[in-house]
Amino acid sequence: MKLAFVFIAEAYQVYHAAAVMFELMSRDGIEVDVFHLDPATPQHLDILANAHGVPAVRSRKLVANLLGRTIQSTKVLGLAKSSVMAANEDLLRHYDAIVSTEVHIDRLFEGEPKSRRPARIFITHGAGTRFIPSSHQRNDCDLVLAKGPGDMEHRLRPGEIKPEQIVAAGYTKMVSSALLAGQATPLFDNDNPTVLYNPHKERKERSWDRFLTPLLDGFRADRSRNLIVAPHVKLFHRRSEKTRDKYRAMSDETILVDPGSSRVMDNTYTELADIYVGDVSSQVVEFVSRPRPCVFINAHGVDWKDDPHYELWHLGEVVENPDEIMPAIARAFDMHDQYRDRQQAFADHQLGDTSETSVVRTADLITDFVANYKNAA
């Protein structure tokens, strides 16, 4: 069996599939090749291979066509995923299956019958319930491996996929995260409780623009807590190193501002923090898999209480104004009892199994599906 793991998005998505990929590589009769688009991906593959105690993985960079290279050269319009897929169909055609954490693989071999093309297997990433207008209205992948029942229900709701296409396999990223957390060194030279501020990248929903300065000012005025500022990795993805350095320079003995290191991607911060502060990032689901206090920021006056896309905001106090944020953080521990059980139930429903068993199960689902794929075509 020949499988291609294709990472055509930013390097952070590697963390969502690496454990399964390593498991498949260890099995007799399975050949796995790895392809990437983001130049940072090999570095993160090395980090993950080291954490899992497996040999280094060689990954081949996918080459874009002329249109794709033009788009990529602007450094504004993205990675040109669709153009890259079109340019690499011949390269990927001889595999039994293409596995990816990016739904754009359904553009590969578009319109071709199953008997003439590889299976397309999509491992979902992100664990929230946020509405994403740009998401596919259809999903032509042959198998979708969701996390828990909640993730599966969320994807079935808009009719994006058919029930027979999807299965809840568990959240294998947490296996990698646990290994990485075990190797992590302390971030601060004190025993203060640590607050993680994790704003999303979406301009219409993020709290970054209004709340970063008040948070920094508040934590500089009160040194009884540490602050980690770790925005969604895409917020700084196309920023210059000079800009990143400007934000890194805001760090001091109790404040760490991280505009895009590997720790933003690998759950180091969600594992080490005591209180979560954020807006709509799904990282909070990973945080509450071990229930802890949360404070959410409604920076744009959203009418959220009965909106299922803001279900996460029922897991902690919600504030709207910058002058409310520090008092909310101060009372977060005292208020946590009213959210603890809800957090655990939500995380279990969204993520499903987060143990090593999820890795084996996901690998089994892939191999069983691929073995029967052509026969069912």
Looking at [Y], is its backbone amide N or carbonyl O close enough to the side chain of [X] to form a donor-acceptor pair, meaning the two atoms are under 3.5 Å apart?
{"X": "His52", "Y": "Val175", "answer": "no"}
{"X": "Glu324", "Y": "Asn321", "answer": "yes"}
{"X": "Thr367", "Y": "Ala363", "answer": "yes"}
{"X": "Glu10", "Y": "Asp38", "answer": "no"}
{"X": "Asp106", "Y": "Asp140", "answer": "yes"}
{"X": "Asn267", "Y": "Thr270", "answer": "no"}
{"X": "His125", "Y": "Thr101", "answer": "yes"}
{"X": "Asp279", "Y": "His200", "answer": "yes"}
{"X": "Arg225", "Y": "Val195", "answer": "no"}
{"X": "Asn298", "Y": "Val319", "answer": "no"}

[X] atom [atom1], neighbour heavy-atom count above 12 within 6.0 Å:
{"X": "Asp209", "atom1": "CG", "answer": "yes"}
{"X": "Asp323", "atom1": "CG", "answer": "yes"}
{"X": "Asp90", "atom1": "CG", "answer": "no"}

What's the separation between atom OG in Ser281 and atom CG in Leu235, rounded to the nearest 0.5 Å?
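Result: 11.0 Å between the selected atoms.
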
How many angstroms lie between OG1 in Thr172 and CZ in Phe22, if you round to the nearest 0.5 Å?
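Nearest 0.5 Å value for the OG1-CZ distance: 11.0 Å.
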
Begin from the C-alpha positions of Tyr310 and Glu205 and carry the test side-chain hydrogen bond (donor to acceptor under 3.5 Å, both in side chains) through to its verdict.
CA-CA 11 Å; Tyr310 291 89; Glu205 296 180 287; 3.2 Å; yes

Under a 3.5 Å cutoff, is there a donor and acceptor pairing between the side chains of [X] and [Y]?
{"X": "Ser355", "Y": "Ser358", "value": "no"}
{"X": "Asp33", "Y": "Tyr95", "value": "yes"}
{"X": "Asn192", "Y": "Thr254", "value": "no"}

Is [X] salt-bridged to [Y], going by a charged N under 4.0 Å from an acidic O?
{"X": "Asp266", "Y": "Lys173", "answer": "no"}
{"X": "Arg117", "Y": "Glu89", "answer": "no"}
{"X": "Asp364", "Y": "Arg361", "answer": "no"}
{"X": "Asp334", "Y": "Arg331", "answer": "no"}

Flag side-chain contact, heavy atom, 4.5 Å: [X] against [Y]:
{"X": "His232", "Y": "Glu202", "value": "no"}
{"X": "Asp274", "Y": "Pro293", "value": "no"}
{"X": "Phe122", "Y": "Leu143", "value": "no"}
{"X": "Glu112", "Y": "Arg93", "value": "yes"}
{"X": "Ile366", "Y": "Ile121", "value": "yes"}
{"X": "Ser262", "Y": "Tyr15", "value": "yes"}
{"X": "Leu3", "Y": "Val370", "value": "yes"}
{"X": "Tyr269", "Y": "Asn198", "value": "no"}

Treating Ile, Leu, Val, Met, Phe, Trp and Tyr as nodes and any side-chain heavy-atom pair under 4.5 angstrom as an edge, say whether [X] and [Y] lie in one connected cluster.
{"X": "Val264", "Y": "Met250", "value": "no"}
{"X": "Ile275", "Y": "Leu216", "value": "yes"}
{"X": "Val280", "Y": "Phe211", "value": "no"}
{"X": "Leu45", "Y": "Val99", "value": "yes"}

Not counting sequence neighbours, which residues clear side chain to side chain contact (heavy atoms under 4.5 Å, CB included) with Asn50? List them please.
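Per chain and number, Asn50 pairs via side chain to side chain contact (heavy atoms under 4.5 Å, CB included) with Gln183.
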
Using 30° and 60° as the class boundaries, would you call the ring planes of [X] and [Y] parallel, tilted or perpendicular?
{"X": "Tyr276", "Y": "Phe296", "result": "tilted"}
{"X": "Trp208", "Y": "Phe236", "result": "perpendicular"}
{"X": "Phe7", "Y": "Phe5", "result": "tilted"}
{"X": "Tyr12", "Y": "His16", "result": "perpendicular"}

Please test Arg223 against Asp252 for salt bridge (Lys or Arg N to Asp or Glu O under 4.0 Å), starting from the C-alpha separation and ending with a verdict.
CA-CA 11 Å; Arg223 297 289 183 171; Asp252 59 30; 3.0 Å; yes

Under the salt bridge (charged side-chain N to carboxylate O under 4.0 Å, His left out) rule, collect the residues that match up with Arg60, sequence neighbours excluded.
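Listed in chain order: nothing, the list is empty.
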
Does the structure place the NZ or CZ of Arg120 under 6.0 Å from the centre of the six-membered ring of Phe109, at an angle of no more than 45° from the ring's axis?
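No, Arg120 does not sit over the ring of Phe109.
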
For Tyr171 and Glu286, run side-chain hydrogen bond (donor to acceptor under 3.5 Å, both in side chains): C-alpha distance rounded to whole Å, both residues' side-chain angles, the deciding distance at 0.1 Å, then the answer.
CA-CA 10 Å; Tyr171 195 38; Glu286 299 164 345; 2.3 Å; yes

Sequence neighbours excluded - ring-ring contact (aromatic ring centres under 6.0 Å, His included) pairs with any residue from residues 316-337
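Checked against ring-ring contact (aromatic ring centres under 6.0 Å, His included) - neighbours excluded - no pair reaches residues 316-337.
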
Kindly write out the residues that satisfy side-chain hydrogen bond (donor to acceptor under 3.5 Å, both in side chains) with [X], not counting sequence neighbours, or none if the list is empty.
{"X": "Ser289", "result": "none"}
{"X": "Ser26", "result": "none"}
{"X": "Glu356", "result": "none"}

Check the pair Glu153 / His349 against side-chain hydrogen bond (donor to acceptor under 3.5 Å, both in side chains), numbers first and verdict last.
CA-CA 10 Å; Glu153 292 163 8; His349 191 57; 3.1 Å; yes

Distance-minimising heavy-atom pair for Arg210 and Pro322:
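Where Arg210 meets Pro322 most closely, the heavy atoms are NH2-CD, 3.2 Å.
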
